[in-house]
Number of protein chains: 2
Amino acid sequence: MKTNQITDFMQIAILQAQKAFQKGEVPVGAVIVQDGKVIAKAYNMREKKQNALLHAEILCINHACKKLHSWRLENCQMYVTLEPCPMCAGAIVNARLSKVTYACKQNTSSDNLFEEILQSNRLNHTCAFCQDKKYERQSSSLITDFFKSKR
Amino acid sequence: MKTNQITDFMQIAILQAQKAFQKGEVPVGAVIVQDGKVIAKAYNMREKKQNALLHAEILCINHACKKLHSWRLENCQMYVTLEPCPMCAGAIVNARLSKVTYACKQNTSSDNLFEEILQSNRLNHTCAFCQDKKYERQSSSLITDFFKSKR
């Protein structure tokens, strides 16, 4: 099935994460949707590009800003396979996304930084978030399998 | 005086912020130093590029990763005119910078997110930070004057 026929956006994010896996990257994928249409998708490219910034979410926001010719991604939502790190959470707020849906939680996060950043209101903008448990196991298995394969 | 003759790195960051001001950008500048040498410098380009990611710190980390061909910016320190936002604080930790020195604090920050992110230890890496009060007034005046000029 082509990705433009998929209406379950998290499934598109997972396809992106699978591409990352195949390329030896920590398998995380992200999609940005506006008015029910995918306007950007990306997967983690940190190792290939040797660049600490190139998480799936950052690449996705970069593509979307270029596509919309605007730093304000209004009425846009992100679907991402893994709960975003502080850098990506901050970028999501800076870009004014309205909502983030993630499939699995970071297992290293003893803190509550993701939620704190999205709800901090420092920019008079907060971003809603939720977990899509339907894809939780698939997303976390991808990451577990990836690290097993690297041992 | 040429920037390669300046050994006070915050002064170089302020020169970058002044360039941002001249170009109609919120005046923030940043520099990354390794072994006592400037390896990257940048200023905020959000408006010109219409891209929510392009804060001075992100551009600076991007330049440094490309220069060192590595996502790990080991033994590198950042000097930045304004206390970094959550996105930039997260990027600083992800890139494994060892220390950040900033000149003035964010006046919108009612939270403590900057310090929490730098010290969270989620990556088994924390980043030291301090404020360089010598340049506090100059950096904050640049920002205040910028917003006055926009009214």
Side-chain angles (χ1 to χ4, degrees), chain A residues 25-26 32 44-55 57-74 76 83-97 106-125 127, chain B residues 25-26 32 44-55 57-74 76 83-97 106-125 127:
Chain A
E25 301 279 353
V26 176
I32 293 177
N44 176 32
M45 299 182 89
R46 184 181 70 170
E47 296 301 328
K48 186 186 169 199
K49 302 279 191 184
Q50 283 296 307
N51 189 320
L53 305 170
L54 299 187
H55 287 191
E57 301 94 314
I58 296 290
L59 284 161
C60 221
I61 289 171
N62 191 40
H63 296 335
C65 289
K66 285 180 178 167
K67 186 153 190 174
L68 301 182
H69 306 290
S70 174
W71 66 260
R72 286 183 192 83
L73 301 181
E74 279 167 8
C76 289
E83 178 193 27
C85 77
M87 170 180 77
C88 295
I92 284 163
V93 176
N94 288 355
R96 309 291 196 269
L97 289 171
Q106 297 257 5
N107 65 4
T108 53
S109 59
S110 53
D111 52 58
N112 209 20
L113 279 171
F114 171 71
E115 297 184 16
E116 277 184 66
I117 293 166
L118 262 66
Q119 296 291 305
S120 86
N121 203 29
R122 57 166 58 215
L123 302 170
N124 295 319
H125 172 79
C127 180
Chain B
E25 302 279 351
V26 176
I32 293 177
N44 176 33
M45 299 183 88
R46 186 183 69 170
E47 296 301 328
K48 185 186 170 198
K49 302 277 190 184
Q50 283 297 306
N51 190 319
L53 304 169
L54 299 187
H55 287 190
E57 300 94 313
I58 296 290
L59 285 161
C60 219
I61 289 171
N62 191 39
H63 296 336
C65 288
K66 284 181 178 167
K67 185 152 191 175
L68 301 182
H69 307 289
S70 175
W71 65 260
R72 286 182 192 84
L73 302 182
E74 279 167 8
C76 288
E83 179 193 27
C85 76
M87 169 180 78
C88 295
I92 284 163
V93 175
N94 287 355
R96 308 291 197 270
L97 289 171
Q106 297 259 3
N107 65 4
T108 53
S109 60
S110 52
D111 52 56
N112 209 19
L113 279 171
F114 171 71
E115 297 185 14
E116 277 184 66
I117 293 166
L118 262 66
Q119 296 291 304
S120 85
N121 204 29
R122 58 166 56 214
L123 302 171
N124 294 319
H125 173 79
C127 180

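Throughout, a chain's letter reflects where its sequence line sits, starting with A, and its residues are numbered from 1. Computed over heavy atoms, backbone and side chain alike; hydrogens, waters and symmetry mates excluded.
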Query - Nearest-0.5 Å distance, CG of residue A:N94 to NE2 of residue B:H55 - result: 4.5 Å
Query raised in the report: Under the side-chain contact (heavy atoms from CB on, under 4.5 Å) test, which residues partner B:A89, sequence neighbours left out?
Result: B:F114, B:I117, B:L118
Query - Region of A:I58 that comes under 4.5 Å of a non-hydrogen atom in chain B - result: both
**Report entry** Contact residues of residues 47-54 of chain B (partner chain A; heavy-atom separation under 4.5 angstrom)
**Finding:** B:E47, B:Q50, B:N51, B:A52, B:L53
Report task. For the residue pair B:P86 and A:V93, establish whether any side-chain heavy-atom pair is separated by less than 4.5 Å. Result -> no
**Report entry** Contacts of B:R96 that satisfy side-chain contact (heavy atoms from CB on, under 4.5 Å) - sequence neighbours left out
**Finding:** B:W71, B:R72, B:L123, B:H125
